[in-house]
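The structure under discussion appears below in the form of structure tokens.
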Amino acid sequence: LWPRNYRTSLLKEGVGKYIDILSIHYGNGQGILEAKEDLEVNGLNSVLVWDNETAHGLSTWNVPAQERIRPDYQCNWVLDQWSDELIAGADRIIYFGGQGEPCGNWSLMMGGMNPRPVAVTIALMAAKLNKAKPLGKFFIGEKGVFHLFEKDGRPVLLASINGAGEGKDFYAEDTETAAIPIKVGSAEVVVSDYQGNETKVKTSDATAQLSLMKRK
């Protein structure tokens with residue numbers, strides 16, 4: 001049921017009584033909120049909302065092997081779009097592309113079923129957020145972006161600084177970072193990057209200085 005005007009017209013005509021799952025494509029938090037709003041208006045409170053197709057294309061045809069893993073657009077799509085959708089109440093998110101492709105495209109695997117960096121990011125998201133409860137999204141200063149979850153009684157934050165880099169050169173380096181202070185209420189926090197590399201950050205007066213990378 002997409003686009004939205006098509007969906008609202010059909011829901012108005014009563015098609016909702018035949019629907020168990022309302023799915024959107026390549027959405028974000030706003031798309032999930034709109035879908036849930038349309039269901040609520042029509043009294044369909046038991047229908048689930050999924051993003052049943054989401055990914056970022058990135059062709060690496062004839063790109064040297066060591067350079068195929070440098071662009072992180074696909075990884076940032078997962079971190080940004082999915083966290084927004086989960087906070088907004090998405091019941092399930094399905095990545096588009098799993099079959100190995102020599103040219104890359106949307107797949108999370110290269111030819112021969114070798115994992116691309118986005119496969120690691122998806123695994124990391126699943127490990128950190130499995131059965132986690134979405135709590136909300138907030139901002140600190142002009143750059144800090146945080147999606148807050150709770151898992152096993154402990155907070156989990158997806159954090160970055162704002163940025164947009166899809167129009168940049170494929171091989172361009174982007175190392176912009178920003179130190180964002182955030183009160184965490186503990187002596188240290190464990191920080192994991194998008195490939196699962198973990199470090200422990202000590203706090204001062206329960207405030208952690210997080211060196212966050214730009215989310216492209």
Side-chain angles (χ1 to χ4, degrees), residues 2-3 23-32 50-88 90 92-130 137 143-147 156-180 190-199 201 210-216:
W2 186 262
S23 58
I24 65 172
H25 287 10
Y26 298 88
N28 54 22
Q30 185 61 36
I32 296 295
W50 292 11
D51 189 335
N52 71 336
E53 184 176 319
T54 175
H56 189 301
L58 179 63
S59 178
T60 57
W61 187 255
N62 282 336
V63 176
Q66 288 186 325
E67 296 177 347
R68 293 176 189 172
I69 62 174
R70 289 176 60 186
D72 54 8
Y73 305 145
Q74 289 184 307
C75 301
N76 283 314
W77 176 274
V78 170
L79 292 170
D80 189 22
Q81 305 296 110
W82 292 19
S83 52
D84 249 15
E85 291 184 282
L86 291 170
I87 289 295
R92 183 163 296 186
I93 300 173
I94 300 174
Y95 188 84
F96 174 71
Q99 182 177 349
E101 296 183 42
C103 59
N105 293 332
W106 280 263
S107 180
L108 52 83
M109 297 287 181
M110 296 298 296
M113 299 303 287
N114 297 310
R116 305 188 73 180
V118 68
V120 181
T121 301
I122 294 172
L124 181 69
M125 286 274 285
K128 298 289 186 181
L129 297 181
N130 180 40
K137 179 179 181 179
K143 291 189 174 183
V145 184
F146 297 84
H147 293 84
V156 180
L157 281 172
L158 273 78
S160 76
I161 59 174
N162 268 324
E166 290 187 33
K168 294 186 178 181
D169 180 78
F170 187 92
Y171 299 107
E173 291 287 350
D174 185 357
T175 57
E176 181 179 345
T177 61
I180 306 293
V190 176
V191 178
S192 176
D193 69 12
Y194 72 105
Q195 291 295 281
N197 301 300
E198 293 189 342
T199 57
V201 176
L210 301 182
S211 297
L212 304 178
M213 296 176 63
K214 179 182 290 186
R215 177 175 293 159
K216 300 183 181 73

If we ignore angles and hydrogens, is there a donor and acceptor under 3.5 Å between the side chains of [X] and [Y]?
X     : Y     : value
Thr54 : Gln81 : no
Asp80 : Asn76 : no
Asn52 : His25 : yes

If you define the side chain from C-beta out and look only at heavy atoms, does anything of Val145 sit under 4.5 Å from Ile161?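 They are not in side-chain contact.
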Could you tell me if the side chain of Val118 sits less than 4.5 Å from the side chain of Tyr194, heavy atoms only?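 Side chain of Tyr194 against side chain of Val118, heavy atoms only: no contact under 4.5 Å found.
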Nearest 0.5 angstrom please: [X] [atom1] to [Y] [atom2], how far?
X      : Y      : atom1 : atom2 : result
Ser23  : Glu53  : OG    : CD    : 9.5 Å
Met109 : Arg116 : CE    : CZ    : 11.0 Å
Leu158 : Ile87  : CG    : CD1   : 8.5 Å
His147 : Glu85  : NE2   : CD    : 10.0 Å

Criterion side-chain contact (heavy atoms from CB on, under 4.5 Å) on Asp51 and Trp82, from CA distance to verdict: CA-CA 9 Å; Asp51 189 335; Trp82 292 19; 6.0 Å; no
Using the side chain to side chain contact (heavy atoms under 4.5 Å, CB included) criterion, which residues pair with Leu86? Sequence neighbours excluded.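 Per chain and number, Leu86 pairs via side chain to side chain contact (heavy atoms under 4.5 Å, CB included) with Ile93, Leu129, Phe149.
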Please identify each residue that fulfils side chain to side chain contact (heavy atoms under 4.5 Å, CB included) with Ser192, with sequence neighbours left out.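 Per chain and number, Ser192 pairs via side chain to side chain contact (heavy atoms under 4.5 Å, CB included) with Leu124, Lys128, Glu198.
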Which class fits the ring pair Tyr73 and His56: parallel under 30°, tilted 30 to 60°, perpendicular over 60°?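 Rings of Tyr73 and His56: tilted, 30 to 60°.
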Identify the two heavy atoms, one from [X] and one from [Y], that lie closest to each other, and give their separation to 0.1 Å.
X      : Y      : value
Gly29  : Ala88  : O-CB, 3.4 Å
Ile24  : Gly31  : CD1-C, 3.9 Å
Leu212 : Ser160 : CD1-O, 3.7 Å

May I ask you to decide if Cys75's main-chain N or O and Asp72's side chain share a donor-acceptor pair within less than 3.5 Å?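 It does not hold such a pair.
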Just by modelled atom types, is the Ala55 backbone N or O under 3.5 Å from a matching donor or acceptor in the Gln74 side chain?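 Pair absent, no side-chain N/O of Gln74 close to backbone of Ala55.
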Could you give the side-chain donor-acceptor pairs of residues 95-105 under 3.5 Å, partners two or more places apart or in another chain?
from: Tyr95; atom 1: OH; to: Trp106; atom 2: O; distance (Å): 3.0
from: Glu101; atom 1: OE1; to: Asn105; atom 2: ND2; distance (Å): 3.1

Checking side-chain contact (heavy atoms from CB on, under 4.5 Å) for the pair Leu58/Trp77: CA distance, chi angles, key distance, verdict? CA-CA 11 Å; Leu58 179 63; Trp77 176 274; over 6 Å; no
